[in-house]
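All remarks here apply to the structure that follows.
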There are 2 protein chains.
Amino acid sequence: MTLETLRKRKAISNASTSESRYDAILDMSEQVFANSGYKGATIREIAERAGVAQGLIHYHFRNKEELFEAMVARRSKSINGQRMHLLRALFEENGPPSLERIMEGLFRPTIEAGLSQAGDGGAFARILVSIANSAGEWEQGLTAKYYDPMGQEYISALVKIVPGLSRENAVWAYMFAIGVGMTMMAKTGRPRRLSNGICDDGDAEVMLAKIIPFISAGVRSFTKQPN
Amino acid sequence: MTLETLRKRKAISNASTSESRYDAILDMSEQVFANSGYKGATIREIAERAGVAQGLIHYHFRNKEELFEAMVARRSKSINGQRMHLLRALFEENGPPSLERIMEGLFRPTIEAGLSQAGDGGAFARILVSIANSAGEWEQGLTAKYYDPMGQEYISALVKIVPGLSRENAVWAYMFAIGVGMTMMAKTGRPRRLSNGICDDGDAEVMLAKIIPFISAGVRSFTKQPN
DNA sequence: GTCTATAGTTCGATAGAC
DNA sequence: GTCTATCGAACTATAGAC
């Protein structure tokens, strides 16, 4: 029996939270990093709010950078696994899937992940937005490692199902789609301000209903364009 | 003659940089905040690279928060002034402007501002991306103060020139347009990675040529939708 | 307006007991 | 695996000379 297995056994036997301290640290990391940013977040606060000693975080994750990456790795592998599964399932149905269903498959797992979390649901989504929009080498390294492979699959899917769409335009289409999706994931509250309370970026279902047709029309416009 | 005027006179007579220390601090603030983020940036580094004493920054701007806001205020007023001027000029021509020209007027001033700056041109654009995508109270306060008024003008313009576009959908359209524009302003280099070097998010002209049709098609799709 | 020097805080990381 | 205690290295902001 590995040490990893033992750790999980102990976690399950923990009556108070039914969760290992290891996972509690990762959970709280999402909350704190989301609210304060990487530099603004402190290991002290994560430790306090997770109810563990500060030293324990260094024992499990060595330093702040590796804690952050472990947090990204855990959640991104889970969400992107769902996405890959969804995408492949779509292509195994009768006939090629519609552009709209492809796009829904791109964004829905992020929403589902948010809803199932305790506390602030969209914490990891907000972290993701800050990573994806950073030009820093480290952040782009994380994006490349945990998100580029999935991006490539979606780009290939777009080329397959949209007649006349070049790979170059499919890359732009994917980037623009992600850009629009950020509006939903960032949860800035700006739509509400700009619309006197009518448009709510906290309601993911409503946003999806707006985002999917918007992106789909944009992608199809590339069909009538050179390159 | 005001003290403000005197300060500028002295700046012009400065042979070495032809720029006051006050402005040098703001210029270097853009570079450092863009590369390190608000929390990650340090007043020490800004002072050193601007060639001034650290204490001078506190003399002019009191603290880090006010330095940041002064930097945002200077550049946003300049760029948004151009935008407003462009937008109003479009409506004074013969007949209403096209959706495409409205969108070009939204993004081009950001590009021009980048090109005319010394050193790293897109520094302020990257800062803007991080502010706009943050859910923090302070960042949203800055967005509301320096960008919401312009956003309202663009939303009104969209309602005017796109037949059948409700104000609610115009707000979403504006938000999504900004989201796509982030792809250009963030300068992450991801399009290049995903396309094996073909798509370059460093070339703003090429990006505009892709962004404008994409967004325009998306906006027009709202015409055929309820709400 | 500009500088030097430093006070006062807070943070990441380590050491070592249990 | 978990905790307490602490070191050393930053950082912001202020005080005071010029």
Side-chain angles (χ1 to χ4, degrees), chain A residues 1-29 31-33 35-71 138, chain B residues 1-29 31-33 35-71 138:
Chain A
M1 183 179 293
T2 64
L3 284 175
E4 184 70 6
T5 313
L6 277 174
R7 189 181 55 68
K8 286 179 181 168
R9 283 281 173 82
K10 193 170 184 184
I12 292 169
S13 71
N14 183 339
S16 65
T17 61
S18 80
E19 170 182 64
S20 70
R21 283 172 151 79
Y22 183 95
D23 289 315
I25 291 169
L26 288 180
D27 289 344
M28 194 50 67
S29 292
Q31 306 295 321
V32 178
F33 279 124
N35 289 333
S36 309
Y38 176 75
K39 289 286 175 70
T42 71
I43 295 185
R44 278 184 153 79
E45 183 182 352
I46 295 170
E48 282 171 16
R49 291 178 51 184
V52 304
Q54 193 187 339
L56 188 62
I57 295 185
H58 288 283
Y59 170 79
H60 280 305
F61 305 98
R62 232 173 66 90
N63 56 33
K64 196 179 179 182
E65 277 194 18
E66 290 185 25
L67 168 63
F68 188 82
E69 176 160 354
M71 175 206 67
W138 182 57
Chain B
M1 184 179 293
T2 65
L3 283 176
E4 186 70 5
T5 312
L6 277 174
R7 189 179 57 68
K8 287 179 181 168
R9 283 283 173 85
K10 193 171 183 183
I12 291 169
S13 71
N14 184 339
S16 64
T17 61
S18 79
E19 170 182 65
S20 71
R21 282 172 152 79
Y22 182 95
D23 289 314
I25 291 169
L26 288 180
D27 289 344
M28 194 51 66
S29 292
Q31 305 296 321
V32 178
F33 279 125
N35 288 332
S36 308
Y38 176 75
K39 288 286 174 72
T42 70
I43 295 185
R44 276 181 154 79
E45 184 183 350
I46 295 170
E48 282 171 16
R49 291 178 52 184
V52 303
Q54 193 186 337
L56 187 62
I57 296 184
H58 288 284
Y59 170 79
H60 279 306
F61 305 99
R62 230 173 67 91
N63 57 31
K64 196 180 179 183
E65 277 194 18
E66 290 185 23
L67 167 63
F68 189 83
E69 177 160 354
M71 176 206 66
W138 182 56

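Convention: sequence-line order gives letters A, B, ...; per-chain numbering from 1. Computed from heavy atoms alone, side chains included, the values below leave out hydrogens, waters and symmetry copies.
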Tell me: [atom1] of [X] to [atom2] of [N], nearest whole Å?
| X | N | atom1 | atom2 | result |
| --- | --- | --- | --- | --- |
| A:Asp23 | D:dG1 | CG | C1' | 14 Å |
| A:Glu45 | C:dT10 | CD | P | 13 Å |
| A:Ile46 | C:dA13 | CD1 | P | 11 Å |
| A:Glu48 | C:dT10 | CD | P | 12 Å |
| B:Ile57 | D:dC11 | CD1 | P | 13 Å |
| A:Glu66 | C:dG12 | CD | P | 15 Å |
| A:Ile43 | C:dA13 | CD1 | C1' | 8 Å |
| A:Phe61 | C:dG12 | CZ | P | 15 Å |

Look up atom CD1 in B:Ile25 and atom CD1 in B:Ile43, then write down how far apart they are to the nearest 0.5 Å.
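Taking CD1 in B:Ile25 and CD1 in B:Ile43, the distance rounds to 10.0 Å.
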As an exercise, state the distance from CG of B:Asn63 to CD1 of B:Ile57, rounded to the nearest 0.5 Å.
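B:Asn63 atom CG to B:Ile57 atom CD1 measures 12.0 Å (nearest 0.5 Å).
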Table of protein N/O atoms under 3.5 Å from nucleotides 3-6 of chain C N/O atoms:
residue : atom : partner : partner atom : Å
C:dC3   : OP1  : B:Arg21 : NH2          : 3.4
C:dC3   : OP2  : B:Ala53 : N            : 2.8

Evaluate B:Glu69 against B:Phe61 for side-chain contact (heavy atoms from CB on, under 4.5 Å), listing each step before the verdict.
CA-CA 9 Å; B:Glu69 177 160 354; B:Phe61 305 99; over 6 Å; no
Regarding B:Ala47, tell me which of base, sugar-phosphate or nothing describes its non-hydrogen contacts under 4.0 Å with the strands shown.
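No contact at all - B:Ala47 keeps every heavy atom at 4.0 Å or more from the nucleic acid.
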A:Lys64 side chain reached by A:Tyr38 side chain, heavy atoms, under 4.5 Å:
yes
Starting from the C-alpha separation in whole Å, work towards a yes-or-no answer on side-chain contact (heavy atoms from CB on, under 4.5 Å) for A:Glu19 and A:Asp27.
CA-CA 10 Å; A:Glu19 170 182 64; A:Asp27 289 344; 2.4 Å; yes
Just N and O in the side chain of B:His58: are any of them under 4.0 Å from OP1 or OP2 of C:dT2?
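Answer is no, no contact under 4.0 Å.
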Classify the ring geometry between A:Trp138 and A:Phe68 as parallel (under 30°), tilted (30 to 60°) or perpendicular (over 60°).
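Aromatic pair A:Trp138/A:Phe68 classed tilted.
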